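Here the structure is laid out as structure tokens; the discussion comes afterwards.
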Amino acid sequence: MIENLGNLERTHSCGALRKEDVGQRVTLMGWCAKRRDFGPLTFIDLRDRDGITQIVVNQENAAEAHAKAKEVRGEYVLAVTGEVALRDEGARNPKHATGDVEVQARDLVILNDARTLPFQLDAPATEALAAEELRLKYRYLDLRRPQLQGNLRLRHRLLLEINRYMDEHGFTQIETPNLIKSTPEGARDYIVPSRVQPGRFFALPQSPQIFKQICMIAGLDKYYQIARCFRDEDLRADRQPEFSQLDIEMSFATPDQIFTLVEGLFARVFKLIGVDLPTPFPRFTFAEVMQRFGSDKPDMRIEGMELKDLAPALTETTFAPFAGALGAGGQVKGMAVRGGAAMSRKTLDELQEFARRYGAGALAWIKLGDELSSSLLKALGTETVASMAEAAGTAKGDAVLIVAGKPSVVAASLGALRNEVARREELIREGVYAPLWVTEFPMFEFHEDDGRYYSMHHPFTSPLDEDVPALERAVNGEAQLFAGLRAKAYDAVINGVEVAGGSIRIHRRDVQAIVFKALGMSEETARARFGFFLDALGYGTPPHGGIASGIERTLMVLVPTENIRDVMAFPKTASAQDLMIDAPGEVDQKQLAELHLKIVRD
RNA sequence: GGAGUCGUAGUUCAGUUGGUUAGAACGCCGGCCUGUCACGUCGGAGGUCGCGGGUUCGAAUCCCGUCGGCUCCGCCA
């Protein structure tokens, strides 16, 4: 029978009681995690966000409570009043912080009942969790699991620590609007129709980028915000359509000042999980990490496994895949895998399949086992293969994985293989946190599909001072110079995860105009899209720069987890749906009419 | 937009070469049990094999389509 709470007040949480509390009369409230029935004696594991306390209900000294305990089922909501008792030596449970004691119930109130759950919260460790689809539909049940609650509390502590740190360093949190204007650059926008302005639309911000720069022009000097961002792009294990960023911008800032600020922040944040992050973070240029690791976010927990140029060992080769690649301005690069000679043919086949996803035509290999073996032996002969192995920096027992092709394909496939092989062969150092800065990103990126350059970071990113003359020449016809232009852009990477990215911005109207021109934007287009911003740049804009750090990505490293849905309360599926509230949903005709919208079905 | 993978009891899974009544564990329901904490024990209920179509004497199993979850490429900073 369900009873009212009345004036009954909770005295302790279910994780609070210890030996020192023995003898106290307490009232606990929580959910029945488990009931163990011994006839006249019934045990109930009472759970709340703080822990689990064992309740003992004995027919001999609490007949009424015992009768009610018989009715209790899993996830019933209970209030229990009784005395804290020390458990016998052999009856203690070291798995729970409260395991030395138990509560001898005098009164038990059933505050609410519960239907049988669609899945078990405390499934045996031998079993997998219930299907994620089911857990997302009943998110409020899945969130009862201590693991997820712990993640959300860590998220809270992260946000709190960020706010403290930014405040201590003189930053002001400023909220910027969520209903803004769509810009065609960058990610797809989520669009919101205006009722008041027929045929016009707001966009949800992909980031507060323009607004934070406007804050600098406004003289606010040091801005930050924990901002919600929206991007209507396909999802991944680490991407959701809405997510949070720590957004930072400061005036008169050098990259060094921003690096120091962010290093201090991450050092503070990692203390939350008891880790002393080594500062300052080592710095690498984009060109260097791409050449050595094939990735702009290398995992530095992996020792070695650097990409080596094998072209010098192949100067005289006629082997078509290699000669062809080298002749066409491509590369042949190899990566040594420590102990890789033990890799099976099956493993190598799987790795080739893996490499092909990144555009590699094939994955060649050399194994330095008791005998030299290689997929290239017939084509190249022992001598060439041996010199390739040497160029890759191998020792006996190692293997070399080799990809030939365009530099972008070689980097992408070997870069991905580096992570994949390290994971499979357990070459990732456990318990290590390896941060770095990647600097001097390219200004522009060529898109094959429409044959033009796009900003790699965003259109407000400043070029390196020494590259400005080349930028001007590139805009004035020497288009081949675009590819080599470098930006004052940087990323912070920890354990192969890009946890922050930013740049020094363009603060001069003339330089901004050149960059818009480089992006193929006419003056009219630039005015139409960013006229207000170009105007603002003309009224005394200080040099400024900043950075944004993904809250979820950072949490994924801290927890750690591979699944972004583990670090947010109400995530969406890979097809951007919320299974709990069944969103997105349809709206009725009246709402559509008010918004001046008609649905066109195709 | 493309690829891979999964979908069988409430849940996690098994299900052989296409063949009789689709199984196990956990959970659920009922009985017994005074020291359990993966309680034990006796009994019981529970299935549109994701959905639609096809092949076949016969389909959870083979084929085609489709829906959904997850992962990856493209996309996205």
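Within every chain, numbering begins at 1; the chains are lettered A, B, ... in the order of the sequence lines, protein sequences first and strands thereafter. All values reported here derive from a predicted model rather than from experimental measurement.
The CD atom of A/Gln120 sits 9 Å away from the C1' atom of B/G10 (whole-angstrom rounding). One atom, CD of A/Glu448, and another, P of B/C75, lie 10 Å apart when rounded to the nearest Å. Taking atom CZ on A/Phe354 and atom P on B/U5, their separation rounds to 16 Å, with Å as the unit. Computed from coordinates, the A/Asp122 CG to B/A25 C1' distance equals 14 Å when rounded to whole Å. In this structure, A/Arg139 atom CZ and B/G69 atom P are separated by 15 Å, rounded to whole Å. Put simply, CG on A/Asp449 is 17 Å from P on B/G2, counting in whole angstrom units. Spacing between atom CG of A/Leu417 and atom C1' of B/C72 amounts to 14 Å, rounded to whole angstrom units. The NE2-C1' distance, from A/His457 to B/A77, rounds to 7 Å in whole Å.
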Original post:
Does the pair A/Ser244 and A/Glu552 meet the rule for a side-chain contact (heavy atoms from CB on, under 4.5 Å), with working shown?
Top reply: CA-CA 7 Å; A/Ser244 296; A/Glu552 286 83 9; 3.9 Å; yes
Original post:
Going through the distances and angles, do A/Arg36 and A/Thr42 end up as a side-chain contact (heavy atoms from CB on, under 4.5 Å)?
Top reply: CA-CA 6 Å; A/Arg36 290 178 295 278; A/Thr42 298; over 6 Å; no
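Pairing of B/A3, defined by two Watson-Crick or G-U wobble distances under 3.5 Å, is identified with B/U71. The nucleotide B/C26 finds its pairing partner in B/G10, both defining distances of the Watson-Crick or G-U wobble pair being shorter than 3.5 Å. As the counterpart of B/G40, B/C32 is assigned, both hydrogen-bonding distances of the Watson-Crick or G-U wobble pattern falling under 3.5 Å. Base pairing of B/G46 is not made with any nucleotide, judged by Watson-Crick or G-U wobble geometry with both donor-acceptor distances under 3.5 Å. With a 3.5 Å ceiling on both atom-pair distances, the Watson-Crick or G-U wobble partner of B/G65 is B/C51.
Of the candidate nucleotides B/C70, B/G27, B/C13, B/C70 has the atom nearest to the side chain of A/Leu136. Here B/U36 is the nucleotide among B/C70, B/U11, B/U36 with the atom lying nearest to any side-chain atom of A/Phe43. Checking B/G27, B/A25, B/C76 against every side-chain atom of A/Arg239, the shortest atom distance belongs to B/C76. Nearest nucleotide to the side chain of A/Phe441, out of B/G30, B/A77, B/G10: B/A77. Here the side chain of A/Asp45 is nearest to one of B/C29, B/G74, B/C37, namely B/C37. In this structure, of B/U12, B/C70, B/U36, it is B/U36 that holds the atom nearest to the side chain of A/Glu102. Out of B/C73, B/G35, B/G1, the shortest distance to the side chain of A/Asp234 is found at B/G1. Taking every side-chain heavy atom of A/Glu233 into account, B/C75 is the closest of B/C33, B/A25, B/C75. Distance from the side chain of A/Arg188 is smallest for B/C75 among the nucleotides B/C72, B/U11, B/C75. The nucleotide whose nearest atom lies closest to any side-chain atom of A/Ala131 is, among B/U12, B/G74, B/U36, B/U12.
Contact annotation: A/Arg35 does not reach the phosphate of B/C37 (side-chain N/O to OP1 or OP2, under 4.0 Å). Between A/Lys297 and the phosphate of B/A77, there is no side-chain N or O to OP1/OP2 separation shorter than 4.0 Å. When the side-chain nitrogen and oxygen atoms of A/Arg565 are compared with OP1 and OP2 of B/U71, one or more of them lie within a distance under 4.0 Å. Distances shown here put a side-chain N or O of A/Gln577 below 4.0 Å from the OP1 or OP2 atom of B/G69. Residue A/Lys137 places none of its side-chain N or O atoms closer than 4.0 Å to OP1 or OP2 of B/U11. For the pair A/Lys34 and B/C39, the criterion of a side-chain N or O lying under 4.0 Å from OP1 or OP2 is met. Residue A/Arg357 places no side-chain N or O under 4.0 Å from the OP1 or OP2 atom of B/G2. Of the side-chain N and O atoms in A/Thr573, one or more sit less than 4.0 angstrom from OP1 or OP2 of B/G69.
Looking at heavy-atom distances under 4.0 Å, A/Asn58 makes contact with a base. Among the atoms of the strands shown, only primed sugar atoms or phosphate atoms (P, OP1, OP2) are found under 4.0 Å from some heavy atom of A/Leu129. Within the 4.0 angstrom heavy-atom criterion, no nucleotide atom of any strand lies near A/Gly99. Using a 4.0 Å heavy-atom distance criterion, A/Ala237 is classed as a sugar-phosphate-only contact. A/Leu134 comes within 4.0 angstrom of sugar-phosphate atoms only, judged by non-hydrogen atoms across all strands, and of no base. Counting any heavy atom pair closer than 4.0 Å across all strands shown, A/Ser575 reaches sugar-phosphate atoms only and no base atom. Contact annotation for A/Gln104: base contact, defined as any heavy-atom pair under 4.0 Å involving a base atom. At the heavy-atom level, A/Asp189 lies nowhere under 4.0 Å from the strands shown. Residue-level contact check: A/Arg36 touches the bases, meaning some heavy atom is under 4.0 Å from a base atom.
Between A/Ile564 and A/Gln54, the residue anchored nearer the 5' end of RNA chain B, judged by the nucleotide with its closest heavy atom, is A/Gln54. Where A/Ala574 and A/Asp491 each meet RNA chain B at their nearest nucleotide, the meeting point lying more 5' is that of A/Ala574.
To the nearest 0.5 Å, atom CZ of residue A/Phe482 and atom CG of residue A/Leu471 are 7.0 Å apart. In this structure, CG in A/Leu121 is found 13.0 Å from OH in A/Tyr138, a value given to the nearest 0.5 Å. Taken from CG in A/Asp566 to CG in A/Asp142, the straight-line distance is 8.5 Å, to the nearest 0.5 Å.
Side-chain N/O atoms of A/Gln225 and A/Thr176 include a donor and acceptor closer than 3.5 Å.
Applying ring-ring contact (aromatic ring centres under 6.0 Å, His included) to A/Phe516 and the options A/Phe533, A/Phe530, A/Tyr453 leaves one that passes, A/Phe530.
At a cut-off of 3.5 angstrom, counting only N and O atoms as typed in the model, there is a donor on one side and an acceptor on the other between the side-chain of A/Asp37 and the base of B/C33. Between the base of B/G74 and the side chain of A/Arg236 there is a donor-acceptor pair shorter than 3.5 Å.
In the displayed structure, A/Lys70 atom NZ is contacted under 6.0 Å by more than 12 heavy atoms of other residues, nucleotides or ligands. Taking a 6.0 Å sphere around NZ of A/Lys68, one finds it holds more than 12 heavy atoms contributed by other residues, nucleotides or ligands.
One P atom belongs to B/G2, the other to B/C57, and the distance between them is 37 Å to the nearest Å. A distance of about 33 Å separates the C1' atoms of B/A24 and B/G65, rounded to the whole Å. Here, B/A22 and B/A9 have their C1' atoms 10 Å apart, quoted to the whole Å. For B/G7 and B/G15, the P atoms lie 10 Å apart once the distance is rounded to whole Å.
A/Glu102 has a carboxylate O that lies under 4.0 Å from a charged side-chain N of A/Arg87, or vice versa, which qualifies the two as a salt bridge.
Ring-base stacking between A/Phe119 and B/U11 is not satisfied when judged by a centre separation under 5.5 Å and a plane angle under 30°.
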